[in-house]
Amino acid sequence: MADKRLSEAFKSIIARLDANKPAALTGGVYYPNQAGWTQPANKPWARLTIVPTVSTNVAVGGGAEWVRRNMLIVVDVFTPKESGINSNLAICEDISDLFENTEFGNVKTFEANTAKIEDDPWLGYQVTINSYCEGY
C-alpha cells in the first residue's frame, strides 16, 4: 500500500462494498453522486459516505514525503421500522466484518463502530470505520 491518492481509496472502498454487499440489502447501496439510483420504498438499503479527515507527513527526507491521508468510512443502514432492530444490526455486523481491521487496494482500516441514527420513517444505524491510505 504505497498510494496516497484519495481517488484510488474511494474506488477501492466502493468496489469492496459492491463486490461483498450483504444479501439482506435488497434495496441496494447509494454512493455519493450516484446517477439513476432511487431510494426503495420498503426494502433495506444503505448509504456510503467517505469523509477525508487529516493528512500528515509520516516521513520526510530524500526529496519525497510519505503522506498519510486519514478517512472515515461511514455506512448508514436503513431498514423498514417494522423489520425490527435485529435485521438492521445483522446488516451492520456484515459491513463491520467486511471493513474492520483489513487492508485492500490502497486502504488500511481499523475498528468499526455502530451507533443509532434516526431517519424517519426508517430504522437507522450507522457503521463508521477509521481508515487511511498513504504513500509518496
Side-chain angles (χ1 to χ4, degrees):
M1 180 178 66
D3 188 341
K4 67 180 180 180
R5 293 176 295 171
L6 286 172
S7 61
E8 289 304 311
F10 280 38
K11 289 177 194 174
S12 292
I13 294 165
I14 290 169
R16 185 167 181 85
L17 186 54
D18 264 348
N20 302 283
K21 179 181 73 169
L25 280 177
T26 56
V29 177
Y30 173 73
Y31 303 108
N33 301 316
Q34 184 178 13
W37 190 83
T38 303
Q39 180 178 315
N42 201 28
K43 295 179 181 177
W45 64 282
R47 175 179 56 219
L48 171 68
T49 306
I50 305 163
V51 183
T53 58
V54 178
S55 294
T56 56
N57 282 336
V58 179
V60 180
E65 290 77 28
W66 189 269
V67 177
R68 176 175 289 172
R69 303 207 188 285
N70 295 294
M71 303 169 281
L72 189 60
I73 302 168
V74 180
V75 183
D76 299 320
V77 176
F78 302 103
T79 54
K81 285 195 174 182
E82 67 275 3
S83 65
I85 189 172
N86 287 338
S87 64
N88 192 301
L89 289 178
I91 295 169
C92 291
E93 288 167 351
D94 288 345
I95 291 169
S96 292
D97 290 345
L98 177 63
F99 284 109
E100 188 170 53
N101 295 319
T102 191
E103 189 172 334
F104 55 92
N106 71 330
V107 178
K108 171 82 173 163
T109 66
F110 298 107
E111 72 286 346
N113 298 291
T114 301
K116 178 76 176 88
I117 58 173
E118 196 61 51
D119 197 19
D120 229 6
W122 300 94
L123 177 63
Y125 276 82
Q126 182 176 78
V127 180
T128 57
I129 304 101
N130 291 313
S131 61
Y132 68 89
C133 59
E134 66 181 4
Y136 293 106

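All figures in this text were calculated on a predicted structure; none of them were measured in a lab.
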Scan the side chains in residues 34-52 for donor-acceptor partners under 3.5 Å anywhere in the protein, sequence neighbours excluded, and list what turns up.
residue: Gln34; atom: OE1; partner: Tyr31; partner atom: N; Å: 2.9
residue: Arg47; atom: NE; partner: Asp76; partner atom: OD2; Å: 3.1
residue: Arg47; atom: NH2; partner: Asp76; partner atom: OD2; Å: 2.9

Notebook entry, point to check: Is any side-chain heavy atom of Glu134 closer than 4.5 Å to a side-chain heavy atom of Arg69?
Noted result: no
Note to self: Can you tell me how far apart OG1 (Thr128) and CG (Leu72) are? Round to the nearest 0.5 Å.
What the structure shows: 5.5 Å
Check: Heavy atoms, side chains only, cut-off 4.5 Å: are Asn130 and Thr109 in contact?
Finding: no
Check: CD/Glu100 to CD/Glu111 distance, rounded to the nearest 0.5 angstrom?
Finding: 7.5 Å
Next item on the list: Report the distance from atom CZ of Phe78 to atom CD of Gln126, rounding to the nearest 0.5 Å.
Entry: 8.0 Å
Checklist line | From Ile129 atom CD1 to Ser96 atom OG, the distance as rounded to the nearest 0.5 Å | finding: 6.0 Å
Item checked: Other ILVMFWY residues reachable from Tyr125 by side-chain steps of under 4.5 Å -> Ile85, Leu89, Leu123
Margin query: Do Phe110 and Ser131 make a side-chain contact, defined as non-hydrogen atoms from C-beta onward lying under 4.5 Å apart?
Written below: no
Notebook entry, point to check: Does the pair Glu118/Lys81 count as a salt bridge with the N-to-O cut at 4.0 Å?
Noted result: yes
For residues 5-15, run the donor-acceptor check on the side chains, cut-off 3.5 Å, and write out each pair with its distance to 0.1 Å, sequence neighbours left out.
residue: Arg5; atom: NE; partner: Asp3; partner atom: OD1; Å: 2.9
residue: Arg5; atom: NE; partner: Asp3; partner atom: OD2; Å: 3.2
residue: Arg5; atom: NH2; partner: Asp3; partner atom: OD2; Å: 2.6
residue: Glu8; atom: OE2; partner: Lys11; partner atom: NZ; Å: 3.2
residue: Ser12; atom: OG; partner: Glu8; partner atom: O; Å: 3.2

Item checked: Partner of Val77 under side-chain contact (heavy atoms from CB on, under 4.5 Å), chosen from Asn88, Thr114, Asp94 -> Asn88
Next item on the list: Check step by step if side chain to side chain contact (heavy atoms under 4.5 Å, CB included) holds for Phe99 and Leu17.
Entry: CA-CA 9 Å; Phe99 284 109; Leu17 186 54; 4.0 Å; yes
Notebook entry, point to check: Is there a side-chain contact between Arg16 and Thr102 (heavy atoms, below 4.5 Å)?
Noted result: yes
